[in-house]
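These notes concern the structure reproduced below.
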Amino acid sequence: MYALVDGNNFYVSCERVFRPSLNGLPVVVLSNNDGCAIARSNEAKALGIAMGAPWFQIKHLAEDAGLVALSANFALYGDMSDRMMSLAAGLGPAQEIYSIDESFIDLSGVKGDLVERSHKIRARILQWVGIPCGIGIGPTKTLAKLANHIAKTAERKPGVYPDKLSQVCNLAALDQAERDAVYAATAAGEVWGVGRQISKQLQAGGIHTVLDLMKLDPATVRSKWNVVLERTVRELQGTPCIDLDHSPAAKKEIACTRSFGRPITEQHHIAEAVTEFASRAAEKVRKQHSQAGQVLVFIRTSPFRKDAQYSRSMVTPLRHPSADTTCIVKAALQGLNHIFKQGFNYAKAGVMLLDLQPDTNQQAELDLEDGDSEEDRTKLMTAMDTLNQRFGKGTVLTASAGLDGMRREWSMKQLRRTPAYTTRWDDMPVARA
DNA sequence: TCTGGGGTCCTAGGACCC
DNA sequence: TCTGGGGTCCTAGGACCC
């Protein structure tokens, strides 16, 4: 048996912990550059604001409906997440942290009433951290996910499901008739692993609800669609196909990409951005004790504009796998040189480290150049990471990122377009819990 | 013009997730 | 004017080999 514990409207809930006056108001948290909504309070959802809705399209709701928009503060959310996760872990013997606001808990061997136990954990998270959660329980991860959706929907929209399923829903505790009623009331597209495309195809085939989907023959699903959907159907039928991932493996790719606050045309400005992305990615790869075999850099114009479009990427193999910032930045800039073309309004760029492999010391030595000793290099990288961690990202950068200092043209953090609606955590005179 | 059979590896692209 | 960022898995098809 599995449980899924999921924070409600997570980023918004985090902000509300420190600003209770936001309770009851429609609130959204905006992405980088205040580009679009990445979290919405229930009140904001009720206004019809979609996930990912561009700010400029919903901006009018600030005046019309009292919508409050906040710039994202990911450091805060990460911190709140850690606290929530450590309490959620108390639900069972093993936990898989699936995302910043969700974790699966293995419930095998847990005695007693699972629903009661879940309500207690939920209350503890609410009291100690301040985040409201939904908890779903089922015999497979897909069913636990579904149960979680039901628990949250039952709370948010009374009447759709039986009231007793609000906040905590254990599908295994329902009788067959109740379960079928719940499945029949849920669209197939709500199932974990069924996205927009598959959902459309299912509908065309007359499969509308979860009940319809789970009645399909897995073999037929495989031949008509693919193994991924087959697994989903089996999981809905109660056969576990997706195990709990106890200690997630090291990442196979690491990316650092951003949209720019406004279009960029000059190569040296993109080069600064790429240098910072590469540095950031190198930090991440060192943190997981890996090395990259290849460095990919990409640049692109905005697909939303009617401008001339251009989008290219380039993979530069490293002579030896490396996690050295200097080496990775160099490769990224080399790639950029090859793909950059004058005359376009660039909207986004990024660096990805590919072909990641475990760090091995003897290879590090081969990366050295220009007389630096291996020891010096390692010290330099460690010092950079420490400084950037202590004093904030961007405190220490390699040369080409620092040239323009405070006036980086591509910066995401330049002018807030909506100062009245964007309060950063840093600006707020509130004590941390 | 006709044109084997089988294997591996890599890449691009599609679909999904939060 | 203004549209997030970071991942995973699977498949098809091409390149290459014997």
Side-chain angles (χ1 to χ4, degrees), chain A residues 4 6-11 28-40 49-60 62 69 71-72 74 77-78 81 96-104 141-142 145 148-149 189-202 222-223 225-232 241-242 245 248-263 277 280-281 284-285 288 293-294 296 298 300-307 311-315 317 345 347-356 412 414-418 421-422:
Chain A
L4 180 74
D6 184 335
N8 297 350
N9 315 328
F10 188 67
Y11 297 164
V28 292
V29 170
L30 301 175
S31 63
N32 268 315
N33 297 317
D34 295 343
C36 61
I38 54 175
R40 305 156 294 155
I49 297 172
M51 184 65 172
W55 172 237
F56 72 89
Q57 283 175 6
I58 57 173
K59 203 173 177 174
H60 64 95
S71 298
F74 294 105
Y77 310 148
S81 172
E96 171 190 342
I97 294 173
Y98 180 68
S99 74
I100 193 158
D101 68 333
E102 284 174 70
S103 69
F104 286 102
K141 286 168 84 173
T142 302
K145 263 285 221 187
N148 180 273
H149 167 77
E190 299 293 347
V191 172
W192 189 38
V194 179
R196 281 234 303 281
Q197 301 301 316
I198 304 283
S199 186
K200 217 191 292 173
Q201 294 163 18
L202 286 171
R222 183 178 197 143
S223 64
W225 283 275
N226 53 47
V227 291
V228 182
L229 191 61
E230 181 199 6
R231 269 202 292 262
T232 297
C241 304
I242 309 171
D245 207 345
K251 300 250 183 299
K252 298 171 180 175
E253 304 175 3
I254 283 176
C256 190
T257 73
R258 291 283 181 285
S259 297
F260 303 128
R262 58 185 176 73
F277 300 155
R280 205 69 70 227
K284 290 190 201 171
V285 84
Q288 71 161 34
Q294 303 178 321
L296 178 149
F298 75 84
R300 60 174 309 166
T301 51
S302 169
F304 301 106
R305 293 170 61 112
K306 295 218 165 124
D307 283 358
S311 170
R312 286 283 185 288
S313 67
M314 171 133 200
V315 176
N345 289 315
K348 185 171 181 173
V351 171
M352 296 190 219
L353 304 185
L354 313 174
D355 190 17
L356 300 190
M412 296 80 65
Q414 34 186 343
L415 289 176
R416 295 283 162 191
R417 267 177 276 105
T418 53
Y421 307 109
T422 57

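Per chain, numbering begins at 1; letters A, B, ... match sequence-line order.
A/V29 comes within 4.0 angstrom of nothing in the nucleic acid, heavy atoms only. The residue A/I100 sits apart from the nucleic acid: no heavy atom pair falls under 4.0 Å. In this structure, A/K145 reaches the sugar-phosphate backbone alone: every heavy-atom distance under 4.0 Å involves primed, P, OP1 or OP2 atoms, never a base.
Rounding to whole angstrom units, CG of residue A/N345 and P of C/dT3 are separated by 12 Å.
Counting heavy atoms from C-beta outward, A/F298 and A/M352 have side chains that approach closer than 4.5 Å. Residues A/L4 and A/E102 are in side-chain contact: their nearest non-hydrogen atoms beyond the backbone lie under 4.5 Å apart. Residues A/V227 and A/R222 meet the side-chain proximity criterion, which asks for heavy atoms closer than 4.5 Å.
Of the candidates C/dT11, C/dT3, C/dG4, the closest approach to any side-chain atom of A/S259 belongs to C/dG4. Residue A/V227 places its side chain closer to C/dT11 than to any other of C/dC2, C/dT11, C/dG4. The A/R258 side chain lies nearest to C/dG6 when the options are C/dG6, B/dC18, C/dT1. Comparing B/dC16, C/dT8, C/dG4 against the side chain of A/E253 picks out C/dT8 as the nearest. Checked against C/dT3, C/dC10, C/dT8, the side chain of A/K252 finds its nearest nucleotide in C/dT8. Across C/dG5, B/dA15, C/dC9, the shortest atom-to-atom separation from the side chain of A/R231 is found for C/dC9. When each of C/dT11, B/dC18, C/dG7 is scored by its nearest atom to the side-chain atoms of A/K251, the top-ranked nucleotide is C/dG7. When distances run from any side-chain atom of A/D101 to the nucleotides B/dC18, C/dT11, B/dA15, the shortest one goes to B/dC18. Here the nucleotide nearest the side chain of A/W192, chosen from C/dG7, B/dC17, C/dC2, is B/dC17. Listed candidates were C/dG4, C/dC10, B/dC16. Nearest to the side chain of A/V228 is C/dC10.
A close approach under 4.0 Å does occur between a side-chain nitrogen or oxygen of A/K348 and OP1 or OP2 of C/dG5. OP1 and OP2 of C/dG4 both lie 4.0 Å or more from every side-chain N or O belonging to A/T257.
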Exercise. Between A/K284 and A/K251, is a side-chain contact (heavy atoms from CB on, under 4.5 Å) present by the stated rule, with each step listed?
Worked result: CA-CA 10 Å; A/K284 290 190 201 171; A/K251 300 250 183 299; over 6 Å; no
Problem set entry | CA sep, side-chain torsions, deciding dist, call: A/L354, A/E253, side-chain contact (heavy atoms from CB on, under 4.5 Å) | CA-CA 5 Å; A/L354 313 174; A/E253 304 175 3; 4.1 Å; yes
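For B/dA15, the paired nucleotide is C/dT8, the pair qualifying as Watson-Crick or G-U wobble because both relevant distances are below 3.5 Å.
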